[in-house]
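Notes for the one structure printed next.
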Amino acid sequence: MNYFTPAALVWLESVLQERFGHSFELKELNHTLTLSLPGTEGDIVFDSLQPIFHQSRSDFPCQSWCSSGEGFVTPIEDLIPAPATDSLPTRLIELHEQGVTIHYDILGLTYWMLTRLEEIGRTDLDNHQRFPATSSHAFKHGYLERPIVDEWLNVLGQVMLRVWPEIELKQHEFNMKVSHDVDGPARYAFQNFKGLVRTMGGDVLVRKDIAAALKAPWIWLNCKRAIHPKDPANTFDWLMTQSEENGLTSAFYFICGRTDASKDAKYDPEMPQIRKLMREIHRRGHEIGLHPSYNTYNRPEEIAKEADRLRKVCGEEGIQQTEWGGRMHFLRWDQAITQKAWADAGMSYDSTLSYADRPGFRCGTCFEYPAFDAATDKPLKLRIRPLVAMDCTVIAERYLGLGSTEAAYEKFNELKNKCRKVGGVFTLLWHNSFFSSPNDFDIYRRLVSER
């Protein structure tokens, strides 16, 4: 019995075509995987396929491979993590007259990481029913902040050029994508009177901002048609300006439902303030997307309903886009349900896949890729755009806890530089409402301006 299904091999071929720019063929026979390029001589053979890469587990070893010891150059570090149950041989890559044999399951690792098979059916979840970073193999073995799929595919690309020296491989340039989950478009605008008083109390007691509390009633009374420019959460103009000055497009993801009264937004997309905001975002050339409400992650019909609601409001406002994407609220995600729900809702891409409790490369990559549903063994009409870092993951005390400090900036920038080294995309989530000090503005500004 083969490890890879025919559908999985076709999907892997598409991943390789996107990465390297050629139409390869993959065939598995007797637990050996052969990679060939039609019209050329020589093959690349993977003869150490790992059954573990077809299981939902995190309890297996991880070794490392010294690339320079075999004459390869790697973009991040010389030692590359190598998850596997088998010990690595003394020589991992062997050249011969028929091509190359690689004694490590690079494509099995790629399949396991990109499909997030590790997470399917797991019960070691956090209080939001999320699979946490701390349960993952990557965190336990210290490679969560390494795009190891990209590192191993970089090695595979070098092998390809040794087997087929006449071909040119597709080149990728570093890019950056910024997005903003609109959990609270305004601190005051959508509060009832009781909520306003409570928020003012938070200004004084929690945020130590008496001036904001004094302004709050005036702002609240003058925001019936539009979010007041003095509202502390109204950073939309500033965020769009930062993107425009640095050649970026901001994506703003709106909540379009209410499945949990305490965790979902206090606004509706049909409200005049939100319609006006959406029109302005669109007018300035930025993107509008979906942020499905808290309890939709395992309810496909709710995701579809909220997606339709967003498209309806945008259609009424004359907003047309070539693609519709977004991200799940609280990064809630069930790998066997959520991504298929996005595809069935007619969405173009999802950018949820990062961990809330730690930044890094949940999927092992900083490249967008086509979705594959390992639970049903079918490709999906959906793109996965992995998220590398979220504001509160790095800064908030409940997660990494670096605060609004230079150390936080350096952590973001370290991840950004790793994306740069592999020619990938640094995806950054920064909520419009997550600017509690001048340092937050400074960290964000530096991250988007230093390309």
Side-chain angles (χ1 to χ4, degrees), residues 126 128 130 132-133 144-145 176-187 202 206-207 209 231-243 246 248-255 263-265 281 286-287 289-291 294 325-333 350-362 366 385-419 425-451:
D126 70 6
H128 294 289
R130 301 174 299 201
L144 178 57
E145 295 185 13
M176 183 172 178
K177 289 186 179 294
V178 293
S179 55
H180 319 283
D181 295 351
V182 187
D183 297 347
R187 186 181 293 177
V206 179
R207 291 177 283 275
D209 192 345
D231 190 293
N234 188 358
T235 59
F236 297 99
D237 175 72
W238 186 84
L239 287 167
M240 288 188 280
T241 298
Q242 295 304 307
S243 287
N246 292 285
L248 300 172
T249 299
S250 276
F252 296 90
Y253 302 145
F254 288 86
I255 295 177
K263 294 182 176 64
D264 287 325
I281 291 169
H286 299 279
E287 180 189 345
L290 181 66
H291 196 40
Y294 184 78
R327 175 181 300 114
M328 296 302 297
H329 196 24
F330 279 71
L331 303 186
R332 299 188 92 196
W333 187 266
D350 173 85
S351 190
T352 300
L353 284 172
S354 185
Y355 294 112
D357 52 331
R358 294 291 188 281
F361 303 92
R362 181 171 178 173
C366 53
R385 183 176 295 174
L387 174 63
V388 177
M390 176 170 66
D391 46 19
C392 59
T393 299
V394 173
I395 293 173
E397 187 176 345
R398 66 185 181 276
Y399 294 135
L400 205 56
L402 297 183
S404 301
T405 63
E406 187 65 17
Y409 166 75
E410 289 173 357
K411 175 57 68 178
F412 285 118
N413 203 44
E414 176 189 343
L415 293 164
K416 178 181 173 182
N417 284 332
K418 287 176 180 176
C419 297
V425 180
F426 176 57
T427 47
L428 173 66
L429 159 58
W430 204 289
H431 296 76
N432 64 286
S433 52
F434 199 87
F435 290 95
S436 58
S437 74
N439 286 351
D440 293 328
F441 286 96
D442 183 61
I443 291 170
Y444 184 85
R445 180 191 56 76
R446 291 164 66 191
L447 283 172
V448 300
S449 63
E450 296 169 1
R451 300 289 297 280

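Excluded from the calculations below are hydrogen atoms, water molecules and symmetry mates; all remaining heavy atoms, backbone and side chain alike, are included.
Atom CG in Leu387 sits 9.5 Å away from atom CG in Asp350 (nearest 0.5 Å). Between atom CG of residue Asp126 and atom CZ of residue Arg332 there is a gap of 8.5 Å, rounded to the nearest 0.5 Å. Here the straight-line distance linking atom CZ of Arg327 with atom CG of Leu353 works out to 10.0 Å at 0.5 Å rounding. Taking CE from Met390 and CG from Leu428, the interatomic distance works out to 10.5 Å, rounded to the nearest 0.5 Å. In this structure, CD1 in Ile443 is found 10.0 Å from CZ in Phe435, a value given to the nearest 0.5 Å. Between the CG atom of Leu239 and the NE2 atom of His431 there is a distance of 12.0 Å, given to the nearest 0.5 Å.
When every heavy atom of His286 is checked against every heavy atom of Phe252, the shortest pair comes out as CB-CE1, 4.3 Å. Closest approach of Asp440 to Ser404, counting heavy atoms only: OD1-OG, 2.5 Å. The two residues Asn246 and Ser449 have their closest heavy-atom pair at OD1-CA, 3.1 Å. Minimum interatomic distance between Asp357 and Ala133 (heavy atoms only, all atoms of both residues): OD1-N, 3.0 Å. Heavy-atom minimum distance, Gly184 versus Asn432: O-ND2, 3.0 Å. Residues Gln242 and Val448 approach most closely at CB-CG2, 4.2 Å, considering heavy atoms.
Counting only heavy atoms from C-beta outward, the side chains of Ile255 and Asp183 approach each other to under 4.5 Å. Proximity of Tyr444 to Thr235: side-chain heavy atoms (C-beta onward) are nowhere separated by under 4.5 Å. Side-chain atoms of Val388 and Phe361, non-hydrogen and from C-beta on, do get closer than 4.5 Å to each other. A heavy-atom distance below 4.5 Å is found between the side chains of Glu145 and Pro359. Two residues are said to be in side-chain contact when any heavy atoms from C-beta on lie closer than 4.5 Å; Pro185 and Phe254 fail this criterion. A heavy-atom distance below 4.5 Å is found between the side chains of Phe434 and Cys392. Between Leu447 and Tyr409 the shortest side-chain heavy-atom distance falls below 4.5 Å. Using a 4.5 Å heavy-atom threshold, the side chains of Asn417 and Glu414 count as separate.
Under the side chain to side chain donor-acceptor pair (under 3.5 Å) test applied with Ser250, the options Glu287, Lys177, His180 reduce to a single match, His180.
Put simply, the side chain of Thr427 gets close to the backbone of Pro386: a donor and an acceptor are under 3.5 Å apart. Of the possible donor and acceptor atoms, one in the side chain of Thr393 sits under 3.5 Å from a partner among the backbone N and O of Ala356. At distances below 3.5 Å, not a single donor-acceptor pair connects side-chain atoms of Asn439 with backbone N or O atoms of Thr405. Using a distance-only test at 3.5 Å, with no hydrogens or angles considered, no donor-acceptor pair links the side chain of Ser179 to the main chain of Leu429. Formation of a donor-acceptor pair under 3.5 Å by the Asp442 side chain with backbone atoms of Pro438 is not found in this model. Distance alone, capped at 3.5 Å, places no donor-acceptor pair between the Ser433 side chain and the Ala233 backbone.
Between Tyr253 and His329, the distance from one ring center to the other does not fall under 6.0 angstrom.
Using the six-membered ring where Trp is involved, Phe330 and His128 have ring planes that are tilted, between 30° and 60° apart. Using bins of under 30°, 30° to 60° and over 60° for the plane-to-plane angle, the ring pair Trp430/Phe412 lands in the tilted bin.
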